[in-house]
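Below, all heavy atoms of this structure are taken into account, side chains as well, without hydrogens, waters or symmetry copies. Reminder, nothing fancy here: chain letters follow the sequence lines and each chain counts from 1.
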Amino acid sequence: MSERYVSVALDVPLPRVFDYRLPDAWQVAVGQRVIVPFGRQVLSGIALALGDTAPDVATVRDVLDAPGDMPPLPGDVLDLCRFCADYYAYPLGAVLAAALPGAFRQPRPWPGHEEAGAYVAPDVARLLATISARAAKQRALAELLTQPRRVDAIRAVAGDAMRWLRDWQAVGLVERTRAPAVATEVAPSASPELNAEQRAAVMAVTEARGFQPLLLFGITGSGKTEVYLQAIEAVRRRGEQALVLVPEINLTPQLEARFRARFPGEHIVSLHSGLADGERVRHWLEAGDGRAGIVLGTRLAVFAPLPGLGLIVVDEEHDASYRQAEGFRYSARDAAVYRARLRDVPVLLGSATPALESWKNARDGRYRLLRLTQRAVSGARPPRMELVPTQRMRLTDGFSDAALGALRDTLASGGQALVFVNRRGYSPVLSCQDCGWMSSCRHCSARLVLHLGERKLRCHHCGHEERVPHACPDCGNHDLKPVGHGTQRVEAALEALFPDANLLRIDRDSTRRKGALGEMLRRVHAGEADLLIGTQMLAKGHDFPGLALVVVLNADGGLFSADFRAEERLFAQLLQVSGRAGRAGREGRVLIQTHYPEHPFYGALLAGDYAAFADTQLQERRALALPPFSAWAILRGEAKQLQPALAFLRETKALLAGGAVHVADPVPAALARKAGWERAHVVLSATGRAPLQAALRYLAQTLAETPPRGVRWALDVDPQEF
DNA sequence: AGCACGCCGACT
DNA sequence: GTCGGCGTGCTC
C-alpha cells in the first residue's frame, strides 16, 4: 500500500500549504481539522487535498491527530474561504482560521467534545442483559438509549449516568453518534398584516429561484424586519435554513428575542464574538448539522456551515461593521453575496441608506430593487427635520437657543429627547489660551481627549492616558481650556440647564461594563430617563417609542472630508439618528445644527430622498472614476520612522510600474502616527477587477517571499476609510 | 505569526 | 562573567 499525504492550510502568514504524511489507515476527509507539527510548534490546520504522491520537499512529517470534534468543513465554506483568500490577497490558512470558532484553532481536541455529541445503544436488549435487575436507574438509562440522546438528557437520569455511559461505550454497548435533529414545528405566532409593498417584497424573495440578490430599500419604520421574518417563515416551511447577519453584537439579543417570540419551537442560534468558547462551538455545530433552523449573527457567521441554507439576510447592509478593520479585512456583506451565489440561493440586503456599491448594482439591474416607501406602523409619520443655522450664532455650551427651547418644550410635555454628539469624552482637546498648546498624544498624531470624570487625558486611537496637567507644559500658564464638546461635557451642561430632567449618557465609556447597555436601554424604555445623550452607538437599531425630539450638535464633520465616502456615511448616520424619533404614533422632531445650511447635502437630507442623493453621488463618482466605478486597494506600510515606510511604498510602486493598475504616490496616512508607528500608504486603482486582482496576487506573493525589513505591511481591498 | 539562533550592553 | 535586547531565518 502506498503512502498517503495531505495538504494542510495553517494559520501562518505564508501564502502556501504544507504537506504531511498520513499514518496508515487514518481516515481524513477534505475540510477536516488535523493537528500537525510545524517547526517547533504544534498547530491545528485544515486538510485541503489528499493524495498518494510524495511531496517534493526534503522532509515530510506525520499528521499527529485528526480529532473528530469538528465535522469537515463543507465544500461551500471551503470555496468561500478560497474565494476570500484570493480576493483579499490573504493567506488561506488565516482565512480558514477566522472562519472557525476559537476552540477549533487550538492544537488539541475541543475539551467539550464529549458533551456535544449524542449517544445510542445499537442493541438495547444486549445492553439490558448486562445490567442487574435491581439497578433501576441504569435500566431506565438503557431504555432511553433506544434513540440517540444528548448529554443533558442522559445526565437527567442520574448523577452517575455519564460514568455508566462511558463504561458501556468502552465495551461497545453504546456508541457516540450524530445528535438527533429536533423536530421543528413551524408554528409562528400570528404574522402582522403586511402592506402592499411589504407583500410584494416577501413575494419577490420567496419566488426567487436560485441565486438572486435583492436590495430591500426601506426607510426606518417601514417594516423591513417584518419582511425578513415572513421570507424566513417561507424558507422554514420548505425545511431550509436561514442565515441572518446583523452589523453589531449589541443588536443580536434584541433581534434574537423578536425571532424567538415569532418562531416559538424553532431552534434559533446566534453566532458572535461575545459568546463563550463552548457556546460558540455548540451553536456552530448546531448550524452545521442542520438542527438550527435560523442562524443569527455578526459578520463571522457568514462562514458558518449550513447544510440546508435557503436564504441569507443582511440587515443594515451598508453598515461599516460588516468590514473587519484589522488582519483579514473582509466584507461580510460581499462574502454573503458570494456565498449565496455558491449555494444558488437568494440573498436579501436591507437598508434605509444602501451602500453606493449596492445601489449601483440595483440601478444596473444586477440586484433586484424592492422599495418600502411607507411607514408600516399605522399612524406613524416620518419625523420633521429642521436645520438650525449656527454660523453667526452665540451658542450656550454648544446649543442654539432653538435647540434649548425645543428640549425644554419636549421635557415639559413629558416626552423623551435625545442629544446626538459625535464624540465621547468631555472635550476633544485641552488647549492653552496663552500659547496655543494643545493636548496631543506622544504615540499618535492625534489629540488627547479630556475625560473630566476620571481627570484623564486619553488617546482614542492607542489608549494612552495621562493626568490632566495643572498648567501648560509649554508656557506654564494656568489658563487651560477644554475646546469643543464631547458627550460628557454636553451631559454636564444639560445637568445644569435642566436640573429636573433624568439624564442618561450612553456611549462607549458609560457602557463599557458588561450588560450596562442593556440596562440603560431598559431604563429608557421604562421611561426612567427623559434626556438622553448619546453617540452613534445609539443610532443603530434600538427603538425608543417615547422619543419625541432628536437634537444633532455639530453635524458638519463629514461634509468637507478628504474621504469621498464621508458624505454617504453622514447621510446614513443622520437619517438613522432621526429615525429614532417619533415611532409610536406621534410626529417626531429632529433639529440639526449646522454652519452650512445651504449645502446641497442638507437639501437632500431634509427631503428624506436617499435615492436622489445616492444617484447624485453615483454621478460624481462616475465622473471622477471613483469606486464603485473603479476597483481600489490600499497598500499600507508602517515603520518606526516615516522614511523607511515611504521608501518601501516607493519600491513597491516601482514593482508595479507599467501595468494596468494605477499606483498613486505614497502619502502619510490620515492618522500618520499611531501607537508609535509611522503610517503611510499607496492607493492602487484599476478600471476592472481582474487587473487589480492580478496585481494584488503578485504583490502579496512577492512581499511574502521577500519581506521588507523593519516595515509592517497590509493590503486593504475595497478600503472603506483612508 | 511563533520560535529559534545569534551576537552586543548592564547586572546578580 | 551571564541575562537579555530584538535582527533574520525557517517552518511540510
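Protein atom CG of A:Leu64 is 12 Å distant from nucleotide atom C1' of C:dC12, rounded to whole Å. If you measure from atom CD of A:Gln41 to atom P of C:dC12, you get 10 Å, rounded to the nearest angstrom.
Checked against the 6.0 Å centroid criterion, the rings of A:His283 and A:His272 do not qualify as a close aromatic pair. The aromatic ring centres of A:Phe38 and A:Phe18 sit less than 6.0 Å apart.
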request  = Carefully, step by step, assess A:Ser358 and A:Glu317 under the rule side chain to side chain donor-acceptor pair (under 3.5 Å).
outcome  = CA-CA 9 Å; A:Ser358 304; A:Glu317 64 89 30; 2.6 Å; yes

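Note that the first and last nucleotides of DNA chain B, 5' to 3', having any atom under 4.0 angstrom from a heavy atom of chain A are B:dA1 to B:dA4.
Here the side chain of A:Arg61 pairs a donor or acceptor atom with the backbone of A:Gly39 at under 3.5 angstrom. Counting only distance, with no hydrogens or angles, the side chain of A:Arg343 and the backbone of A:Leu306 share a donor-acceptor pair below 3.5 Å. Judged by distance alone, the side chain of A:Arg329 and the main-chain N or O of A:Ala325 form a donor-acceptor pair under 3.5 Å. Without hydrogens or angle criteria, A:Arg105 side chain to A:Leu100 main chain gives a donor-acceptor distance under 3.5 Å.
Each of A:Pro37 and A:Arg709 was matched to the nucleotide of DNA chain C holding its nearest heavy atom; the match closer to the 5' end belongs to A:Arg709.
For the contact set between residues 42-62 of chain A and DNA chain C, defined by any heavy atom under 4.0 Å, the members are A:Val57, A:Thr59, A:Val60, A:Arg61. Of the residues in residues 10-22 of chain A, those lying under 4.0 Å from DNA chain C by heavy-atom distance are A:Leu14, A:Arg16, A:Phe18, A:Asp19, A:Tyr20.
For the salt bridge (Lys or Arg N to Asp or Glu O under 4.0 Å) with A:Glu678, the qualifying choice from A:Arg712, A:Arg636, A:Arg673 is A:Arg673, the only one to do so. Put simply, the residue from A:Phe303, A:Phe83, A:Tyr87 that forms a ring pair (Phe, Tyr, Trp, His ring centres under 6.0 Å) with A:Tyr330 is A:Phe303.
Aromatic ring orientation, A:Phe328 versus A:Tyr90: parallel (interplanar angle below 30°, classes split at 30° and 60°).
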